[in-house]
Amino acid sequence: MIDEVAGREATAEEHTPSWFRTLRHSPALLALTLGCLAFYLWHGIGEQRSYRTTGFDLGIFDQAVRAYAHFKAPMVALKGPGYDVLGDHFHPIIALLAPLYWVWDNPDMLIIAQAVLISASIPIVYRFAARRTSRWLSLLISAAYGLGWPVMALIDFDFHEIAFATPLLAFAIDALDRRDDRSLLIWSLLLFGVREDMGVVVALLGVLRILQGVRESPPDPAGAQPAAANPSPATGSWWRRRWPAVALIAAGIVAYLVSTAVIIPHFASGHSFAYGSQYDALGNSVGEALGNIVKHPLTAAKLLVSPQTKLTTILYLVVPFAFLPLRSRYSILAVPLLAERFFNSRANLWQPHFHYNALPWLILTLATLDGAARLGLFSSARWAHWGRLALAAWLVVFPVLLIVNPSTAGPTPITKTRDEVTLAITAAVRAQMATVEFLPANTCVEAANTLVPHLTNRNYVSLANTQNWTADFIALDMSVRDVGGNPPAATPQSVYAAAIARGYKPVFTDGSMVVLQSPDYSGPTPECRPLGVGKNHP
């Protein structure tokens, strides 16, 4: 059945302006988009300048994209010698950033690219909103999205491949909403290159396309034709309108299975999809976990909201939108993104502090608009007028509170990210700068996590305990809890003691920074260049 909202949306495609015209014809939207872009750039580049970026993940992506820029396989020394990053996640779309390194061979290019990608999604949110409500409310919810805590968390996390998904998924949902099948297929195809889990999201886009009300074609004015020669209008219309949805479902499922069962295992050192066996509470593989979810749905539902951290994260995602996303089908798109984290055994994935929440936030922003429209909040009724004012106040209060509130229970507020002053050059920062300056180029280095993004364009660099004591230098920050990387990670004190036992000698100190030199060091070597293979290559 086609309800009133769906009926209006069915003809929206021909009346919807392009992304560029939407931006050009709204000075306020242009100001908002450029303002967000400026803030993203200020914060991201400031983090790099202040040594608050890290090897995990900025250094990882820098090494991968630099390899692509030189037409090489994306080997990432930070993950281990001879480690092909396509054995970790399937994200070939990052190769599109390779030309940026032909202009400037620096990890700052990734920070800039991420800021541009996220900013590009803001006008799409506005266009989606403008089809339903007034310009001022469309602008407000676009600001709530662009300044929302999950977007701030993504900006604060240096760089991640999901930055590509923010505009692509926004375009795809917008195309779905407008019933623009050609655009929906194009954007969905591009999503496959972002990450393997996008296959599931694309399949759900296909499901939602089938569920949309579709108007039958008008009767043939020339009269009925024989069934064998010309199908009935209803039958022809059904297939003509549904085949893109069927294609999306099939392609999404195939893409996920091929990427996780064939492509990633092919490049992985263990020839398996490592993230498919981290669902201890449900099974030893994705298939086993899905089977147990079907068999024990109540247990699975309980696991989604316990321990409390998971429920807290969910509430931080839906409360800022006054629970309106729950009225929209589009919210279904966020389910696999949340489920793959909350069913996972790694507790750090459950937190409301990281970049993982950016895509659910985008989905729920658009679902808020759709849900509000389905509830009649954008109608001409008097109660709807007051409802829109209440929603506007809610959108102002909650996002603002979440990005400035110093509470440790929820998202890390943007005013406290890693340090109180983003651009501050403290004594500790100067010590790190001096350490980077001391280390010779084209040498093999195991470095503190915050030093790595400043060394990837001049050294073969990894974190500690990666090069099996073949590194020329080991640069440690003795003031931090661990040396970085996936937990549990070694303490700098334990690495220092082990290095001394192996014959390494301290050759530089500044504040908490210490550099140890290998007893076998004889100068820079070709294998220790940024794209070298290292001295411990397999």
Side-chain angles (χ1 to χ4, degrees), residues 32 35-36 39-40 43 118-119 121-122 124-126 128-129 132-134 136-157 162 165-166 169-170 173 304-305 308-335 337-338 341-342 350-375 377-378 386-417:
L32 172 65
C36 286
F39 177 78
Y40 300 160
H43 184 74
I118 299 173
S119 299
S121 63
I122 295 174
I124 312 170
V125 172
Y126 177 89
F128 187 98
R132 290 168 166 80
T133 187
S134 61
W136 71 267
L137 190 53
S138 299
L139 191 68
L140 181 58
I141 198 164
S142 300
Y145 160 72
L147 298 174
W149 68 265
V151 173
M152 295 296 108
L154 177 56
I155 288 297
D156 191 53
F157 199 72
I162 64 171
T166 53
L169 185 55
I173 297 174
L304 274 177
V305 295
Q308 179 66 34
T309 303
K310 299 176 183 178
L311 181 59
T312 298
T313 299
I314 293 173
L315 290 176
Y316 273 114
L317 287 168
V318 297
V319 170
F321 295 126
F323 296 95
L324 288 171
L326 302 182
R327 180 60 182 86
S328 173
R329 291 174 180 169
Y330 295 136
S331 295
I332 296 173
L333 298 172
V335 172
L337 301 176
L338 295 174
R341 293 165 50 201
F342 293 165
W350 311 336
Q351 307 292 330
H353 306 304
F354 296 113
H355 55 289
Y356 310 112
N357 298 293
L359 287 187
W361 182 256
L362 167 67
I363 294 167
L364 295 176
T365 301
L366 301 179
T368 296
L369 289 158
D370 182 58
R374 292 180 182 276
L375 289 171
L377 200 61
F378 300 141
W386 291 107
R388 289 193 293 274
L389 292 179
L391 175 61
W394 190 278
L395 290 173
V396 169
V397 171
F398 273 85
V400 169
L401 286 179
L402 288 177
I403 63 174
V404 300
N405 182 14
S407 170
T408 58
T412 303
I414 197 65
T415 52
K416 300 290 181 182
T417 47

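Since this is a predicted model, take the numbers as computed values, not measurements.
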So, the side chain of [X] versus the backbone of [Y]: is there a donor-acceptor pair under 3.5 Å, distance only?
X      : Y      : value
Trp361 : Leu317 : no
Ser328 : Pro325 : no
Trp350 : Thr313 : no
Thr312 : Gln308 : yes
Arg388 : Leu377 : yes

In the structure I gave you, are the side-chain heavy atoms of [X] and [Y] within less than 4.5 Å of one another anywhere?
X      : Y      : answer
Val125 : Leu362 : yes
Phe128 : Thr365 : no
Thr309 : Gln351 : yes
Asp370 : Arg132 : yes
Leu366 : Leu333 : no
Tyr40  : Leu154 : no
Tyr316 : Asn357 : no
Ile314 : Phe342 : yes

Could you tell me the separation between the [atom1] atom of [X] and the [atom2] atom of [Y], rounded to the nearest 0.5 Å?
X      : Y      : atom1 : atom2 : result
Ser142 : Leu369 : OG    : CG    : 8.0 Å
Trp394 : Phe323 : CH2   : CZ    : 7.5 Å
Leu364 : Ser331 : CG    : OG    : 5.5 Å
Arg374 : Leu324 : CZ    : CG    : 13.0 Å
Leu304 : Leu338 : CG    : CG    : 8.5 Å
Ile141 : Thr133 : CD1   : OG1   : 9.0 Å

**OP:** Using the side-chain contact (heavy atoms from CB on, under 4.5 Å) rule, take Leu137 and Phe378 through it: C-alpha gap first, then chi angles, then the decisive distance, then the call.
**Re:** CA-CA 10 Å; Leu137 190 53; Phe378 300 141; 3.7 Å; yes
Non-hydrogen atoms of [X] and [Y] that approach each other most closely:
X      : Y      : result
Leu389 : Trp136 : CD2-CH2, 4.2 Å
Tyr330 : Ala367 : CB-CB, 4.1 Å
Pro320 : Leu315 : CD-O, 3.7 Å

**OP:** Fit a plane to each ring of His43 and Phe39, take the angle between them on a 0 to 90° scale, and name the class: parallel (under 30°), tilted (30 to 60°) or perpendicular (over 60°).
**Re:** parallel
Original post:
In this structure, are over 12 heavy atoms from other groups packed under 6.0 Å from Trp386 atom CH2?
Top reply: no
